[in-house]
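Here the structure is laid out as structure tokens; the discussion comes afterwards.
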Amino acid sequence: EKIYFPGRYLIKVKQSSFFSQKRAQHFLSSYKVQEVSRGLNLYQIDLVIDEKSDLFVKDKEEWIKDYYLLKEDTAIDLVMIDEVIFTRRDKNEKQWHLDDAFGAGNIAFEKLLNDLPLENTPLPDRPIVAAIVDGGFDLSHSDLNSMIHLNKGEVPGNGFDDDANGFVDDYAGFNAFSQDSSTLPVFSHGTHVMGIISALANNNYGVEGIGQDRVKVLPVSYGTEEFGFSIDLARKNKFFDGYELNRKNIDERDLSFTSTAMRAYDYIYQMKKLYLETEGEKGINVMVTNSSFGIDYAKCSSSRYKIWNEMYNKLGSVGVLSMGATANLHIDVDKKGDVPTSCDSDFLVGVSNTDSTAKKYSKAAYGKVSVDLFAPGYEVYSTMPNEEFDYQTGTSMATPVVTGGIGLILSLMGDNFWASYDENPAAKMLEVKRAMLNSVEKHESLEGLSQSDGILNLKKFYDELMR
């Protein structure tokens, strides 16, 4: 069974109204309302907890009845439960994924340095920013901290929205769970992902990121301790569905909820929209997002998950491509389902992972429609909290290889590219996606497992985009 936050619904309302008049009193007397996404008119509504009994003001049966009342309401476009999302993790020689001697598809930095004008090409007239939506990050890590995008219009930690962008203390990222961005949680998964994209390349320390010091990162945290709280609520109020899990096998830092992920994406959308509207005076020039998490066996075509597709389209409308990790399961996600990779947004890139022999990793999902390409994701060595480094495996690791790779290639584009981008950001990023998929390194063992049948090849990608 799917795991969800008890007593909570996500609702997408129509532009001109919230609840219809006849429903307003019924719901607003027993539910607390909180905005999730301004861009999508998405809200979460939570059952109020009675102060005397410490229980919900309605039982589960009444809560389910409210679901059908919400679905019938003419002011509401969509109703869904707030489902749990999971992170996707299962040579320096340790960084085999950067060395094409292992047959991993020509993403080696040595080859790139020889074949691409990395040293002789100035950075564009704008920062290239990759937004990482993940649990938490060690922003103090010396192999990462200088590559974090900083919002210079914000004074860190003063409790004010200094730059009037609608968010308080978002100086070095955004905390989508607490919405107090003065601090972000420190988790290993997000720190590892960040290093794959943007660890410093020329400091003779630790590891080097795909971005080669040309791609800044925007940390957006969905980290939460809410999972344990939700289990306690579920048991106390007899919402047991899906909650009888062996918590010994679950790291709660690997979990969050759909509402928090949507709030994270909305922040990115709002910042990019502001950047475009102000011609770079405010906001953040996010070009790509990285999502190394998802929901197994979920079909994005169902009404239960359509909000994911709408969000990727919304991001795409402001010129942002979103990378999504597919499941860490040996399944065909075209048949079995997966969120996000079964979503059909043109602005989503579904990524699966290979081992060091350029074959599909045994526990990685595949899908001729849902998965776009493969990238190395087995035993990848990267940054960890407290100045450490370690290996991790999963589609979670393959996805930032693609995210960082796109950022690197974009950083090499010239004035003609950016003039075209400024005219139509959405169309230009679809062109970028096509160039990447048309230039993969084909491998017989991967035939029929993704749309492209191959692995990311940065040199071919660059050549294709420069045509």
Side-chain angles (χ1 to χ4, degrees), residues 1-13 18-19 23 25-37 42-71 76 78-87 133-136 175-180 184-185 187 189 221-264 266 293-298 304-305 307-308 339:
E1 286 211 52
K2 299 298 182 185
I3 311 170
Y4 59 88
F5 195 96
R8 176 182 295 169
Y9 291 121
L10 298 180
I11 59 172
K12 183 173 182 282
V13 303
F18 193 78
F19 295 114
R23 305 283 189 221
Q25 187 173 0
H26 174 86
F27 284 101
L28 296 180
S29 63
S30 51
Y31 287 88
K32 179 177 141 185
V33 179
Q34 187 176 356
E35 184 182 69
V36 172
S37 168
L42 186 68
Y43 295 81
Q44 71 183 53
I45 61 169
D46 291 275
L47 271 175
V48 171
I49 297 175
D50 181 77
E51 292 182 5
K52 292 181 180 178
S53 66
D54 203 27
L55 297 173
F56 288 141
V57 294
K58 293 185 176 183
D59 62 22
K60 183 180 177 183
E61 187 174 332
E62 292 175 296
W63 179 69
I64 291 172
K65 286 180 181 177
D66 282 346
Y67 171 80
Y68 293 101
L69 288 175
L70 287 166
K71 286 199 73 166
I76 294 174
L78 178 68
V79 186
M80 57 191 287
I81 59 174
D82 191 9
E83 202 163 313
V84 160
I85 57 175
F86 293 80
T87 59
V133 181
D134 216 295
N175 189 326
F177 168 58
S178 71
Q179 300 181 67
D180 175 5
L184 303 186
F187 293 165
H189 185 271
S221 169
Y222 61 60
T224 172
E225 302 301 326
E226 209 174 13
F227 181 65
F229 174 65
S230 73
I231 289 181
D232 293 340
L233 271 182
R235 288 178 174 157
K236 190 184 296 183
N237 290 277
K238 298 184 169 55
F239 280 69
F240 289 108
D241 309 58
Y243 280 83
E244 294 309 296
L245 300 176
N246 181 356
R247 289 177 70 185
K248 291 181 181 178
N249 296 327
I250 295 176
D251 185 343
E252 292 183 16
R253 293 170 297 180
D254 284 343
L255 306 174
S256 190
F257 287 90
T258 300
S259 57
T260 315
M262 291 298 129
R263 192 174 287 112
D266 189 66
F293 59 83
I295 305 172
D296 295 341
Y297 301 109
R304 186 166 178 169
Y305 302 105
I307 198 70
W308 291 85
V339 166

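Side-chain atoms are counted along with the backbone in the values below, which use heavy atoms only and exclude waters and symmetry mates.
Ser256 contributes a side-chain N or O that, together with a main-chain N or O of Tyr222, makes up a donor-acceptor pair within less than 3.5 Å. No donor-acceptor pair under 3.5 Å is formed between the side chain of Thr260 and the backbone N or O of Phe177. Not one N or O on the side chain of Asp50 forms a donor-acceptor pair closer than 3.5 Å with the backbone of Val57. In terms of modelled atom types and a separation under 3.5 Å, the side chain of Ser37 and the main chain of Arg263 share no donor-acceptor contact. Judged by distance alone, with hydrogens and angles left aside, the side-chain atoms of Asp82 form a donor-acceptor pair with the main-chain N or O of Ser259 at under 3.5 Å.
Of all heavy-atom pairs between Ile307 and Lys12, the closest is CD1-CD, 3.8 Å. For the residue pair Pro6 and Ala234, the shortest heavy atom distance occurs at CG-N, 3.8 Å. Heavy atoms only, all atoms of each residue included: Tyr43 and Glu35 are closest at CD2-CA, 3.6 Å. Nearest heavy-atom pair across Gly135 and Ser221 is O-OG, 2.6 Å. Residues Tyr31 and Gly7 share a closest heavy-atom pair of CE2-O, 4.1 Å.
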*Passes side-chain contact (heavy atoms from CB on, under 4.5 Å), Thr258 versus Trp308? Steps please.*
CA-CA 9 Å; Thr258 300; Trp308 291 85; 3.8 Å; yes
*Take Asp66 and Ile45, measure what side-chain contact (heavy atoms from CB on, under 4.5 Å) needs, and give me the verdict at the end.*
CA-CA 11 Å; Asp66 282 346; Ile45 61 169; over 6 Å; no
*Give the intermediate values and the outcome of side-chain contact (heavy atoms from CB on, under 4.5 Å) for residues Ile49 and Asp54.*
CA-CA 6 Å; Ile49 297 175; Asp54 203 27; 3.8 Å; yes
*asked:* Phe86 vs Leu255, test: side-chain contact (heavy atoms from CB on, under 4.5 Å). Steps then yes/no.
replied: CA-CA 5 Å; Phe86 293 80; Leu255 306 174; 2.9 Å; yes
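Screening Phe56, Tyr9, Phe5, Phe27 against Trp63 for a ring pair (Phe, Tyr, Trp, His ring centres under 6.0 Å) leaves a single residue, Tyr9. Checking each of Lys58, Arg8, Lys32 against Asp46 for a salt bridge (Lys or Arg N to Asp or Glu O under 4.0 Å) leaves exactly one that passes, namely Arg8.
Separating the CG atom in Leu69 from the CD1 atom in Ile76 is a distance of 9.5 Å, to the nearest 0.5 Å. Separation of atoms CG (Leu42) and CE (Met262) is listed at 7.5 Å; rounding is to 0.5 Å.
Taking 4.5 Å as the limit, every side-chain heavy atom of Asn175 sits out of range of all side-chain heavy atoms of Asp180. Here the side chains of Asp134 and Thr87 are in contact, with some heavy-atom distance below 4.5 Å.
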